[in-house]
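What follows is one structure encoded as structure tokens, with my remarks underneath.
One is the number of the first residue; the rest follow in order along the sequence.
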Amino acid sequence: MSSDLIHELKRKAVHLTSIVIVMVYHAFGQQTILLLLTVCLIVILEIEYFRIEWGKKLPLVHSLLREKESGRLGGHVFFTMGCIIAISVFPEEIASAAILMTTFGDASAAIFGKAFGRTWIPGLTDRAVEGCAAEFIVDVVIGAIFLSSWLVVFVMAGTATVVETLANKMDDNLLIPIFSGFNGNLVLLILPYFS
């Protein structure tokens, strides 16, 4: 197993926190999880302040960062903000699916792409068709768990996969829960007009 893949597995293990977010949301409600996520965001922003502004290297945090995150906010900050926005704006089932698609879809794309990637998408760096396919399948499974409409499932899974694949300059941890949640919610709102 390559060191690149091992580093990616360690990074993606952190994504398991999304399960805790969804479980707390379902068990204790919107207000509780929003309060906890806001406190979490404040704490990680303080840590990021010392890391970025003062150059402090915290062993656990520093070892999980990508090279491009060394002088800027890490993906965990954007993910927390994305969760807060999704939970604040979208219905519970849409927000939960969007949050888990962000983490598990992303993880499956990265792991399968690095382990089995053979067909590279032209014009995109480090994007394999195999990784994209794995993400879409995982996202569909997640959507099927939370959502009753297959159309909403496919729209959200498709949105998450496209954003993960194409996002380069902006952080996909922020974009995926917002874009997939928005598109899924939009379809959910207009479906009654076509039935």
Side-chain angles (χ1 to χ4, degrees), residues 3-22 24-25 33-34 36-90 95-115 117 124-128 131-132 134-136 138-139 142 156-157 159-182:
S3 61
D4 223 17
L5 181 57
I6 292 168
H7 183 257
E8 201 61 41
L9 287 170
K10 286 180 187 175
R11 279 181 49 81
K12 299 310 178 190
V14 176
H15 285 188
L16 295 175
T17 57
S18 64
I19 296 174
V20 175
I21 293 169
V22 170
V24 171
Y25 185 13
I33 192 60
L34 286 176
L36 291 173
L37 284 170
T38 302
V39 169
C40 180
L41 180 61
I42 292 167
V43 170
I44 61 178
L45 281 172
E46 288 183 348
I47 292 169
E48 289 291 85
Y49 170 77
F50 285 106
R51 181 180 69 82
I52 297 167
E53 295 290 337
W54 292 83
K56 302 295 181 189
K57 291 186 179 180
L58 301 170
L60 179 62
V61 176
H62 193 73
S63 67
L64 296 174
L65 293 172
R66 288 194 171 120
E67 192 176 313
K68 67 179 184 178
E69 295 173 324
S70 63
R72 66 181 196 178
L73 292 174
H76 55 292
V77 176
F78 294 105
F79 174 66
T80 307
M81 291 190 296
C83 288
I84 290 170
I85 294 168
I87 291 169
S88 298
V89 176
F90 308 129
S96 298
I99 289 167
L100 293 178
M101 284 179 185
T102 303
T103 54
F104 287 96
D106 175 37
S108 60
I111 293 166
F112 272 80
K114 286 187 186 302
L124 299 177
T125 56
D126 299 332
R127 295 292 191 265
C132 295
E135 174 170 8
F136 182 73
V138 167
D139 288 346
I142 290 166
M156 288 185 69
T159 300
T161 303
V162 168
V163 171
E164 165 65 31
T165 303
L166 298 180
N168 187 27
K169 294 180 181 175
M170 293 181 70
D171 198 292
D172 58 1
N173 292 299
L174 175 63
L175 299 179
I176 292 173
I178 295 172
F179 288 4
S180 65
F182 178 80

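I21 CD1 to I84 CD1: the interatomic distance, rounded to the nearest 0.5 Å, is 9.0 Å. Atom CD of E164 is separated from atom CG of D139 by 9.0 Å, given to the nearest 0.5 angstrom. Here the straight-line distance linking atom CG of D171 with atom CZ of F79 works out to 11.0 Å at 0.5 Å rounding. Here the CD1-CD1 distance, from I99 to I142, works out to 11.5 Å after rounding to the nearest 0.5 Å. Of the inter-residue distances, the one linking L41 atom CG with H76 atom NE2 reads 9.5 Å to the nearest 0.5 angstrom.
Heavy atoms only, all atoms of each residue included: L73 and I52 are closest at N-CD1, 3.6 Å. P177 and T102 get closest at one heavy-atom pair: CD-OG1, 3.1 Å. In plain terms, the two heavy atoms of T165 and R127 that are nearest each other are O-NE, 2.9 Å. Residues E135 and D106 come closest through the heavy atom pair OE2-N, 4.0 Å. Taking every heavy atom of both residues into account, F182 and F90 meet most closely at N-CZ, 3.2 Å. Across every non-hydrogen atom of V77 and E48, the tightest pair is CG2-CG, 3.7 Å.
Take F179 and apply the side chain to side chain contact (heavy atoms under 4.5 Å, CB included) test, not counting sequence neighbours, and it matches T159, V163, L175. A search for side chain to side chain contact (heavy atoms under 4.5 Å, CB included) contacts involving Y25 returns Q30, I33, I87, E92, A95, S96, not counting sequence neighbours. For L174, the side chain to side chain contact (heavy atoms under 4.5 Å, CB included) partners at least two apart in sequence or on another chain are F78, M81, I85, I178.
Residues S108 and F104 fail the side-chain proximity criterion, which asks for heavy atoms closer than 4.5 Å.
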Give the intermediate values and the outcome of side-chain contact (heavy atoms from CB on, under 4.5 Å) for residues V24 and V20. CA-CA 6 Å; V24 171; V20 175; 4.1 Å; yes

Would F112 and V138 count as a side-chain contact (heavy atoms from CB on, under 4.5 Å) here? Give the steps. CA-CA 11 Å; F112 272 80; V138 167; over 6 Å; no

